[in-house]
Amino acid sequence: MSAVLNFKSHLAESFAHALREVAPDFVGATILIERPKQASHGDYACNLAMQLAKPLRKSPRDIANALIAALPKSDVVEKVEIAGAGFINVFITKAAKQEVVRGVLQAAANYGRVNAGAGKKVGVEFVSANPTGPLHVGHGRGAAVGDCLCSVLDAAGWDVTREFYYNDAGVQIDNLTLSVQLRCKGVTPDDASWPESGYRGDYIADVARAYLAKETVVSSDQSTTGSGDVDDVESIRHFAVAYLRREQDLDLRAFGVEFDVFSLESALYTEGKVEATVQKLIASGHTYEQEGALWLRTTDFGDDKDRVMRKTDGGYTYFVPDVAYHLEKWKRGFVRVINEQGSDHHSTITRVRAGLQALDEGIPKGWPDYVLHQMVTVLKNGEEVKISKRAGSYVTLRDLIDEVGCDATRYFLAARHPDSQLVFDIDLAKSQSNDNPVYYIQYAHARISTVLAQWGGERAALLHADVSVLDSEYESAVLQRMIDYPQVIETAAEDLAPHQVAFYLKELAADFHSYYNASRFLVDDEKIKLARLALIAAVAQVLKNGLALLGVSAPEKM
RNA sequence: GUGCCCGUAGCUCAACCGGAUAGAGCACCAGCCUUCUAAGCUGGGGGUUGCUGGUUCGAUUCCAGUCGGGCACACCA
């Protein structure tokens, strides 16, 4: 009696049983149980009969009848009907649905957690910005989507590690170092001698000032003090990177995003991992020398042309340390790795996978997974703000948090399919902040909190409420929506699509708001009152659980 | 020119791995507050799912082509 039944899988098993009896030759048929859009089509529907019609050369309705006759008895099933071209519609008993209230209240923060991941390790890398400037909107999208994805995977039973990879080596860092050094010497981007590739943002001057003042920068894993020596390039480099890492860390913390592991590209070099990987690749026979450079034959693994590993100047191209880095991840025991990145980096996918395949370490072909989010364009005063790090003109993540708020920004960036381009209209987000869907959801939670506060009774009493009186159409809708929640988590995790949680919450909030306007909760009849309060307390719990996955607060008052 | 992503209501977006009459919000029109929060609710108008073919009981979804938008195509990160 305690656990809420997973109706979907329960019915899938029932139909599998019926299938074995009716058509033993076709037990391999996929059994799909879905939720019909219309209430008149029942709570769950199965299309098995239509699938079998052709191979069995019988009419779908005849097959449907046979299947229904072969269904094992179930005390949660009210009735089964055949409709349309041969859909089998299943109606669940009210009593079984009402059980979800107790299920939610008992499981509380754990309601919605499923075991699809079975405790397996998954490493999720996201943001991974170069430490060459503040985080901008694009990083914000990566942070919001990545963090939410991690939360969803965690809820789906995976053992999640959040990881940030700093590209603190290479040409961009050289440019950064040079820019800071020039600023230290009093050269500004307006001077004719300012290099084309130099960073022009004002923050470079801040770094220079701090360096000259011999400030100490403390970040999550190190402490660096500026020497103030304008000719000590190594010292400037260390200081600039540490300074900007600290800024990024602060931005992320303000955004409510925290990481378990920070990996540094530079460490791969100093620890010899890059060199070791190169040697392994050479030994694998997939490399060759040409025109003074070392190439990896990535065309052996589906790339359209081979890629240079070591340039004529002796330096490695970007993907080489990236391959070394992913080999490390593999060795750290991640059966699954997901990299959340901007779609402008998609060309690395083939190279990294090719490099890993060439290593011949038994790494699966499609490893690692990637979630790519499309570009974010920012609209301000009706005009597109061009993002250019070098020009120093861009909207920082911090700007957005300050202007729009953390909750709204996170919701806005995470509530869309990563594959679609996103226009962030700052004026709209600010001026219409009351119409932001995140408030709609939070408002539902706040309303419930107020009602429960006015009631003032013991929450524990709600566990024993007689939920059998919950039978209005509004109540049925809310019950069914809550029953759907664990399935939403499972699907969102499977599809690596955290935005589905956001849409679900909007629908649950809508069901509640309709219910709220149509009925009263603090009524005289004690039995009805407790039942309704138990129901909305459960709604509040699900809203809270879902908002937590999005990294959005669930306020008691608004 | 090549590869990847996208194209759904005026605008911003959904659609449960191919299902039943394609759904929300914003905007527009008409209603609902002496009773738990009107940041809410109820109703209405608005669609050839870019276009053309194909696959099948059935296509927004899969395939081919085509048009449009974005991104990537360096010994760049």
Side-chain angles (χ1 to χ4, degrees), chain A residues 8 30 32-38 40-41 45 47 50-51 53-54 59-60 83-87 89 130 132 167 169-173 175 265 290-295 303-305 307-319 322 342-350 372-375 377 412 415-423 425 428 432-440 442-444 446-455 484 487-488 490-492 494-495 499-500 502-504 506-507 509-510 512-523 532-533 536 557-558:
Chain A
K8 217 168 186 172
T30 54
L32 195 63
I33 306 293
E34 40 185 17
R35 302 250 11 251
K37 287 168 192 158
Q38 283 185 67
S40 64
H41 291 150
N47 64 359
M50 289 180 290
Q51 282 183 59
K54 197 165 193 182
S59 93
F87 288 100
N89 295 333
N130 294 347
T132 53
N167 298 124
V171 179
Q172 297 307 325
I173 298 299
N175 290 337
E265 181 185 5
Q290 189 178 309
E291 297 164 13
L294 180 67
W295 297 67
D303 205 350
D304 51 358
K305 57 178 143 181
R307 306 290 169 177
V308 170
M309 291 170 58
R310 189 172 57 224
K311 301 179 280 184
T312 43
D313 70 6
Y316 293 112
T317 55
Y318 172 77
F319 85 95
D322 216 8
S343 66
D344 53 336
H345 288 81
H346 76 252
S347 61
T348 67
I349 297 176
T350 325
L372 302 179
H373 64 257
Q374 297 292 309
M375 300 293 92
T377 46
F412 200 84
R416 281 161 173 72
H417 193 114
D419 274 344
S420 59
Q421 285 160 233
L422 174 54
V423 178
D425 187 330
L428 197 76
Q432 298 196 340
S433 61
N434 283 0
D435 293 322
N436 191 306
V438 74
Y439 292 103
Y440 183 81
Q442 291 179 317
Y443 187 50
R447 274 181 145 177
I448 296 171
S449 301
T450 306
V451 175
L452 291 173
Q454 292 206 10
W455 168 56
D484 289 342
Q487 186 71 49
V488 169
E490 195 170 331
T491 309
E494 196 178 313
D495 295 350
H499 74 281
Q500 291 173 4
F503 278 90
Y504 168 84
K506 226 162 63 173
E507 285 166 350
F512 167 74
H513 284 308
S514 291
Y515 179 39
Y516 181 94
N517 276 270
S519 23
R520 292 193 58 77
F521 309 112
L522 299 175
V523 293
R532 291 183 179 168
L533 290 175
I536 63 172
K557 273 185 199 160
M558 284 177 75

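Order of the sequence lines fixes the chain letters, A, B, ..., with proteins taken first and strands second; residue numbering starts at 1 for each chain.
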ask   = Do the side-chain N or O atoms of A:Tyr443 get closer than 4.0 angstrom to the phosphate oxygens (OP1, OP2) of B:rA39?
value = yes
query = For the atom pair CD (A:Gln487) and CD (A:Glu494), what is the distance rounded to the nearest 0.5 Å?
reply = 9.0 Å
Short side-chain N/O contact from A:Lys305 to OP1 or OP2 of B:rU2, under 4.0 Å = no
ask   = When you compare B:rG19 with B:rC62, how far apart are their P atoms, in angstrom units rounded to a whole number?
value = 11 Å
query = Less than 3.5 Å between a donor and an acceptor, one on the side chain of A:Asn47 and one on the base of B:rG19, is that the case here?
reply = yes
request  = Determine whether the aromatic ring centres of A:Tyr443 and A:Phe512 lie less than 6.0 Å apart.
outcome  = no
task = Indicate syn or anti for B:rC73, taking the glycosidic torsion and treating anything within 90° of 0 as syn.
result = anti
ask   = OP1, OP2 of B:rA20 versus side-chain N and O of A:Lys37: anything below 4.0 Å?
value = yes
inquiry  = With rounding to the closest Å, how many angstrom separate the C1' atoms on B:rC41 and B:rU37?
reply    = 13 Å
key: Under-4.0 Å side-chain N/O to phosphate OP1/OP2 contact, A:Lys54 with B:rC57   = yes
ask   = For A:Phe512 and B:rA39, what is the distance between atoms CZ and P respectively, to the nearest whole Å?
value = 14 Å
ask   = Regarding A:Arg447 and the six-membered ring of A:Tyr516, is the cationic atom NZ or CZ under 6.0 Å from the ring centre and inside 45° of its axis?
value = yes
ask   = Taking NE2 from A:His513 and P from B:rU37, how many angstroms apart are they, rounded to a whole number?
value = 13 Å
request  = Please determine if a side-chain N or O atom of A:Arg520 lies less than 4.0 Å away from the OP1 or OP2 oxygen of B:rC36.
outcome  = no
inquiry  = Between the base of B:rC4 and the side chain of A:Ser343, is there a donor and acceptor pair under 3.5 angstrom?
reply    = no
ask   = B:rA77 base stacked by A:His345? Criteria: ring centres under 5.5 Å, plane angle under 30°.
value = yes
task = Take atom P in B:rC11 and the same atom in B:rC28, then report the distance between them in whole Å.
result = 16 Å
key: Side-chain N or O of A:Arg447 closer than 4.0 Å to phosphate OP1/OP2 of B:rA39   = no
ask   = Taking A:Thr350 for the side chain and A:Asp303 for the main chain, is one N or O donor matched with an acceptor at less than 3.5 Å?
value = no
query = Under 4.0 Å: is that the gap between some side-chain N or O of A:Ser514 and OP1 or OP2 of B:rU42?
reply = yes
inquiry  = Tell me whether the side-chain N or O atoms of A:Glu34 pair up with the base of B:rG19 as donor and acceptor below 3.5 Å, since no angle test is needed here.
reply    = no
query = Expressed as a whole number of Å, how far does the C1' atom of B:rG44 sit from that of B:rU49?
reply = 23 Å
query = Dot-bracket for RNA chain B: what is it, with Watson-Crick or G-U pairs under 3.5 Å, [ ] where a pair crosses earlier ones, and | for a pair to another strand?
reply = (((((((..((((.....[...)))).(((((.......))))).....(((((..]....))))))))))))....
query = Within the pair A:Gln290 and B:rC75, is there a side-chain N or O less than 4.0 Å away from OP1 or OP2?
reply = no
task = State whether the aromatic ring of A:His417 stacks on the base of B:rA14, taking stacking to mean ring centres under 5.5 Å apart and ring planes under 30° to each other.
result = no
inquiry  = With a 4.0 Å cutoff (strictly under), does any side-chain N or O of A:Tyr440 reach OP1 or OP2 of B:rC41?
reply    = yes
ask   = Any N or O donor-acceptor pair linking the side chain of A:Asn175 to the base of B:rA77 at under 3.5 Å?
value = no
B:rA15 OP1/OP2 closer than 4.0 Å to side-chain N/O of A:His499 = yes
